[in-house]
Amino acid sequence: STPGLPFFIMGHNGKAAWAFTAGGVDVNDYYLEEINPDDSNQYMTDDGWRDFDVVDDSVYISDLDSFVQVSFRYTESGPVVGDEEPFYSFYWAGFDVDLNTAVTSALGLHRVRTFEQFRNAVTNFGALDANMFYADINGNIGYQLTTPILSGTNESMPFAANGNNARRPGDFLSLPETPHALNPPQGWLASSNNMPRRDPLTDGHFFANRIMSISQLLESKDTFSVEDMQRFQMDKTDRYMTRFNEVFARSLDSIDQAELAVAIRHWDGSMALDSREAALMNVFLSHLKQLTFEDELDELYYQVPAKWIEQLEAVEQAGWFDDVSTPDVIETVDD
């Protein structure tokens, strides 16, 4: 439960049980606002120029033992972020949440008996970004993404506030369109901070190795014991990282490290404390990221997400492996 809230967000009622992991869904949008050149207190809407809504507030600063006065400007989409041009407004799916409905639904979760009751309860929590799982005493298992999903293109860059491609605040997918599952043919459902039924090698995940590992383990047999589950929890194999065995081995061959190349080619992904291969692979990928991005980004290369370097074919096609400081040579991943 969450301290102070009168319901159980993970638990069971004797008839059904529920729990969740993080979903990682896009619940935010940024909009580039057009400001009236003749009146900086106005922004463009579909109906013409409109005054910002202004909210005055105060923030207590403990070191100063006093309050600082602050003002926030709001558009139809949400608050304005920053005080300098260009001006962006920020929209979050939670802005459209009815708190009465959210609390009522959370309390209703205590009384669920069927998967449909469960789905209707958890999808009215608001913007809780969670993969919620269900099981009941009748042998049913189910999954429902709780978060309201914004329809249209999943964009990470700002929309033009009045552009034709802009998603509109509150424009959510309907319940039947949201990700869900009930009693899938494989007989199990799993989440490790990812959205189920996505390809861990091509789609976004926090840690792709987790879902790859649990999927392989759950496919290994039909019936599992408590001891099996304990073994799964203590598993030390990074199955995702073995994708890079051949790339690294080729590099080792090219610098006359044949013995190490053989070891890497046969590495099973074990991340045990004494695994030399695990240490080498981590160092290799760290340096590969640096060599790929430092020529364009200088010290900012360190902030590049690791998964950017992991899609080797896409990075190759984009030309990112080329070192821009050597204009007469086009480097490959092997270089």
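Values below: all heavy atoms of this structure, side chains included; hydrogens, waters and symmetry mates excluded. Start at 1 with the first residue, then count along the sequence.
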Going only through I, L, V, M, F, W and Y residues with side-chain contacts under 4.5 Å, is there a path from [X] to [Y]?
| X | Y | result |
| --- | --- | --- |
| Phe133 | Leu182 | no |
| Ile214 | Met132 | no |
| Leu280 | Tyr240 | yes |
| Val97 | Leu145 | no |
| Met10 | Phe115 | yes |

Counting only N and O atoms by type, is there a donor-acceptor contact under 3.5 Å from the side chain of [X] to the main-chain atoms of [Y]?
| X | Y | result |
| --- | --- | --- |
| Ser254 | Ser251 | yes |
| Gln117 | Arg113 | yes |
| Ser220 | Leu217 | yes |
| Asp136 | Asn140 | yes |
| Glu177 | Ser174 | yes |
| Thr45 | Asp47 | yes |
| Ser215 | Met212 | no |

Would you mind reporting whether [Y] and [X] have side-chain heavy atoms less than 4.5 Å apart?
| X | Y | value |
| --- | --- | --- |
| Arg239 | Asn209 | yes |
| Ser66 | Tyr60 | no |
| Val315 | Phe321 | yes |
| Thr146 | Phe20 | no |
| Leu189 | Pro184 | yes |
| Asp322 | Val329 | no |
| Gln233 | Met229 | no |
| Phe52 | Gln42 | no |

Do [X] and [Y] have side-chain N/O donor and acceptor atoms under 3.5 Å apart?
| X | Y | answer |
| --- | --- | --- |
| Asn124 | Thr101 | no |
| Tyr43 | Asp51 | no |
| Asn28 | Tyr30 | no |
| Tyr143 | Asn131 | yes |
| Gln144 | Thr123 | no |
| Ser270 | Asp268 | no |
| Asp335 | Thr332 | yes |
| Tyr91 | Asp96 | yes |

Show, in sequence, the C-alpha distance, side-chain angles and deciding distance for Trp49 and Asp38, and conclude whether the side chain to side chain contact (heavy atoms under 4.5 Å, CB included) test is met. CA-CA 11 Å; Trp49 298 115; Asp38 299 321; over 6 Å; no

Taking all heavy atoms of [X] and all of [Y], pick out the closest pair and write down the distance.
| X | Y | value |
| --- | --- | --- |
| Ala130 | Thr147 | N-OG1, 3.5 Å |
| Trp267 | Glu277 | CD1-CB, 3.4 Å |
| Val112 | Asn13 | O-ND2, 3.0 Å |
| Glu33 | Ser77 | OE2-OG, 4.2 Å |
| Val324 | Asp295 | N-OD2, 2.8 Å |
| Ala278 | Met271 | CB-SD, 3.7 Å |

Kindly state whether the ring of Phe232 and the ring of Phe224 have centres lying under 6.0 angstrom apart.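 That pair passes the under 6.0 Å test.
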
Gap separating the [atom1] atom of [X] from the [atom2] atom of [Y], nearest 0.5 angstrom:
| X | Y | atom1 | atom2 | value |
| --- | --- | --- | --- | --- |
| Glu331 | Leu291 | CD | CG | 10.0 Å |
| Phe67 | Asp57 | CZ | CG | 10.0 Å |
| Phe293 | Leu300 | CZ | CG | 12.5 Å |
| Ser213 | Asp238 | OG | CG | 6.5 Å |
| Leu107 | Ser105 | CG | OG | 9.0 Å |
| Arg250 | Glu246 | CZ | CD | 6.0 Å |

Using the six-membered ring of Phe284, assess whether NZ or CZ of Lys289 lies under 6.0 Å from its centre and within 45 degrees of the ring axis.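 Because its charged atom misses either the 6.0 Å distance or the 45° angle limit, Lys289 does not stack over Phe284.
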
NZ or CZ of Arg73 within 45° of Phe87 ring axis and under 6.0 Å: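 Yes, a cation-pi geometry holds between Arg73 and Phe87.
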
Can a salt bridge be assigned to the pair [X] and [Y] using a cut-off of 4.0 Å between side-chain N and carboxylate O?
| X | Y | value |
| --- | --- | --- |
| Arg50 | Asp46 | no |
| Arg265 | Asp253 | yes |
| Lys221 | Asp228 | yes |

Do other residues, nucleotides or ligands put more than 12 heavy atoms under 6.0 Å from the [atom1] atom of [X]?
| X | atom1 | result |
| --- | --- | --- |
| Gln186 | CD | yes |
| Phe95 | CZ | yes |
| Asp39 | CG | yes |
| Leu273 | CG | no |
| Leu175 | CG | yes |
| Phe8 | CZ | no |
| Asp83 | CG | no |
| Arg276 | CZ | no |

Working for side chain to side chain contact (heavy atoms under 4.5 Å, CB included), residues Met44 and Ile35: CA-CA 6 Å; Met44 179 59 74; Ile35 308 301; over 6 Å; no

Check against side chain to side chain contact (heavy atoms under 4.5 Å, CB included), Tyr74 and Val55: CA-CA 8 Å; Tyr74 284 80; Val55 175; 3.8 Å; yes

What is the ring orientation for His110 with Trp18, classed by angle as parallel under 30°, tilted 30 to 60°, or perpendicular over 60°?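 Judged by the thresholds at 30° and 60°, the geometry between His110 and Trp18 is parallel.
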
Audit row: Trp92, Asp29, side chain to side chain contact (heavy atoms under 4.5 Å, CB included) steps and yes/no: CA-CA 7 Å; Trp92 171 52; Asp29 278 330; over 6 Å; no

